Amino acid sequence: MDEITEIYNKLGGIISEDDFRKRVDEKVDQMSGLCDMKTAAMLVAHDLGVTDTVKDIIKIKDITADIGNVSFVAKVTSILDVREFNRNDGTIGRVGTVKVADETGSIKLTLWDDRADIIKDGSVEVGDSLEITGYAKDGYSGTEINIGKYGLMRQTDQKVEVSMQSQKIADIKDGMSDINISGKLLDISDVRNFQKKDGNPGRVMNILIGDETGKIRVTLWDEKVDSTTSLNLDDAVEIINGYARTNNFSQQVEVQIGNHGVLRKTEANVEYKESYTPIADIIPGESYSIKGFVSGLGELREFEKDDGTSNMVSNIYVSDDTGRIRVALWGDHALLVDELDIETPIEIIDAYSKSGYEDIELSAGNRTRITIK
DNA sequence: CCCCCCCC
């Protein structure tokens with residue numbers, strides 16, 4: 001029995017075999033040689049509403065550029081934006097990229113025109129399982145699957161196990177995309193409202209997450225801000241499809257969660273241990289965490305900033321067995337001075353060091369956490 | 001695409 005008959009037999013006699021073969025020939029013509037008979041037969045079956053004709057579903061690791069048309073089932077791991085371009089004939093084309101994975105690997109799908117539109121309209125999202133039929137070819141970063149007019153992409157209930165290769169925080173570099181990390185939620189900022197360059201209102205906030213290799217600031221844009229509402233400090237969270245940028249001000253690499261990024265709670269086991277610096281080792285221009293006891297208390301002061309707003313500051317001294325340092329407590333932290341006594345054990349997490357009034361000092365601002373034992 | 005790290 002040939003492959004076409006094999007596929008026909010799965011149709012349950014909804015049309016005659018002659019009719020089926022005729023349609024398959026038409027499909028091959030339509031596709032102007034872009035697909036073989038077997039693929040055309042599957043496509044015709046698909047047109048007739050029969051989708052499980054694809055028996056020899058391939059695994060991603062077995063897809064090579066010379067394989068031609070392939071069918072496989074995979075889970076969407078990241079979605080990149082759609083780009084428009086001008087065709088020579090004057091029409092506007094669209095091209096989009098989606099990354100999918102199964103238990104054997106991951107591969108990029110290049111989606112053309114109508115297929116690309118499903119990214120824009122949100123009918124495909126990270127985490128969806130898809131049946132995919134497309135054409136394998138060499139792309140910019142290895143083998144890719146092209147899905148145009150005659151490709152297939154449809155939701156399926158089939159379970160896809162994806163061994164998501166997640167990175168560690170210490171490995172994140174400027175410019176990286178497709179970042180998957182998990183970590184412990186260490187800090188949550190307020191939401192800031194701002195006006196975008198195009199005049200529209202924007203929202204932005206930050207969280208701080210840590211794993212066993214370090215910690216990193218994460219920026220959430222617009223509606224992604226809302227994904228923090230159900231989260232609590234110390235939760236294990238995961239980030240899917242983030243991208244990394246160096247912050248102009250701090251010169252630190254941060255993870256951005258934009259349109260297609262995801263932040264959510266995870267069951268993953270995440271270890272984070274704060275690392276404390278001996279006071280004697282502090283040099284200016286870095287962020288530090290210290291653990292010690294209060295060894296000096298100043299006055300709470302109110303002052304007016306250059307921009308006319310008012311703020312508070314108080315200074316304390318903290319000592320450990322290596323040295324003593326002045327710590328300026330800004331904003332709400334300043335009020336803490338009233339609760340402290342000499343010898344109160346204190347931990348100051350993520351304070352910024354600089355050459356100060358007398359010597360090196362630490363600034364405890366709105367990114368700093370302070371705990372008193 | 002945003003915001004910081006400000007006082008005496």
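Convention: sequence-line order gives letters A, B, ...; per-chain numbering from 1. What you see is a predicted model, and the numbers here were worked out from it, not measured in a lab.
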Query raised in the report: Atom CG of A:L329 to atom P of B:dC5: distance rounded to whole Å?
Result: 14 Å

Query raised in the report: For A:W221 and B:dC1, are the ring centres under 5.5 Å apart with planes inclined under 30°?
Result: yes

Query raised in the report: Checking all strands, does A:A351 fall into the base, sugar-phosphate, or nothing category for heavy-atom contacts under 4.0 angstrom?
Result: nothing

Result block: side-chain N/O donor-acceptor pairs under 3.5 angstrom for residues 326-336 of chain A, not counting sequence neighbours:
from: A:R326; atom 1: NE; to: A:E361; atom 2: OE1; distance (Å): 3.2
from: A:R326; atom 1: NH2; to: A:E361; atom 2: OE1; distance (Å): 2.9
from: A:W330; atom 1: NE1; to: A:S363; atom 2: OG; distance (Å): 3.1
from: A:H333; atom 1: NE2; to: A:G365; atom 2: O; distance (Å): 3.1
from: A:H333; atom 1: NE2; to: A:T368; atom 2: O; distance (Å): 2.9

Query raised in the report: Can you name the residues that form a salt bridge (Lys or Arg N to Asp or Glu O under 4.0 Å) with A:D25, not counting sequence neighbours?
Result: none

Query raised in the report: Does the side chain of A:M37 come within less than 4.5 Å of A:K27's, by heavy atoms?
Result: no

Requested in this report: Would you classify A:T219 as touching base, sugar-phosphate or nothing, given that sugar-phosphate means primed atoms plus P, OP1 and OP2, and contacts are heavy atoms under 4.0 Å?
Outcome: base

Query raised in the report: Given that A:I257 and A:N247 both sit by DNA chain B, which one's nearest nucleotide is further toward the 5' end?
Result: A:I257

Query - Same apolar cluster: A:V70 and A:L130, side chain cutoff 4.5 Å - result: yes

Query - Interatomic distance where CD1 belongs to A:I348 and P belongs to B:dC5 [whole Å] - result: 17 Å

Query - N/O donor-acceptor pair, side chain A:R245 with base B:dC1, under 3.5 angstrom - result: no

Report task. Quick one: name the residues clustered hydrophobically with A:W221, using the 4.5 Å side-chain heavy-atom rule over I, L, V, M, F, W, Y, and just say none if it's on its own. Result -> A:F194, A:V204, A:Y243

Query raised in the report: Counting only non-hydrogen atoms, which of residues 291-316 of chain A are less than 4.0 Å from DNA chain B?
Result: A:R301, A:F303, A:K305, A:N311, A:V313, A:N315

Query raised in the report: What closest approach, in Å, do A:D187 and A:N366 show between heavy atoms, and which atom pair accounts for it?
Result: OD2-O, 4.5 Å

Query raised in the report: A:K354 NZ to B:dC8 C1': how many Å, rounded?
Result: 11 Å

Requested in this report: Mind checking salt bridge (Lys or Arg N to Asp or Glu O under 4.0 Å) for A:K354 and listing every partner two or more places apart, or none if nothing turns up?
Outcome: none

Query raised in the report: Given A:D128 and A:Q155, is the side chain to side chain donor-acceptor pair (under 3.5 Å) satisfied, shown in steps?
Result: CA-CA 7 Å; A:D128 288 354; A:Q155 303 279 348; 3.1 Å; yes

Query raised in the report: Separation of A:N259 atom CG from B:dC1 atom C1', in whole Å?
Result: 12 Å

Query raised in the report: Taking CG from A:L362 and P from B:dC6, how many angstroms apart are they, rounded to a whole number?
Result: 14 Å

Query raised in the report: Can you tell me if A:N193 and A:R203 form a side-chain donor-acceptor pair at under 3.5 Å?
Result: no

**Report entry** Candidate nucleotides B:dC3, B:dC2, B:dC8, ranked by approach to the side chain of A:R217 - the nearest
**Finding:** B:dC3

Query raised in the report: In whole angstroms, how far is the P atom of B:dC3 from the CG atom of A:D222?
Result: 14 Å

Query raised in the report: Taking atom P of B:dC3 as reference, at what distance in whole Å does atom CD of A:Q252 sit?
Result: 19 Å

**Report entry** Near-strand residues of residues 188-209 of chain A, defined as heavy-atom separation under 4.0 angstrom from DNA chain B
**Finding:** A:R192, A:F194, A:K196, A:K197, A:V204

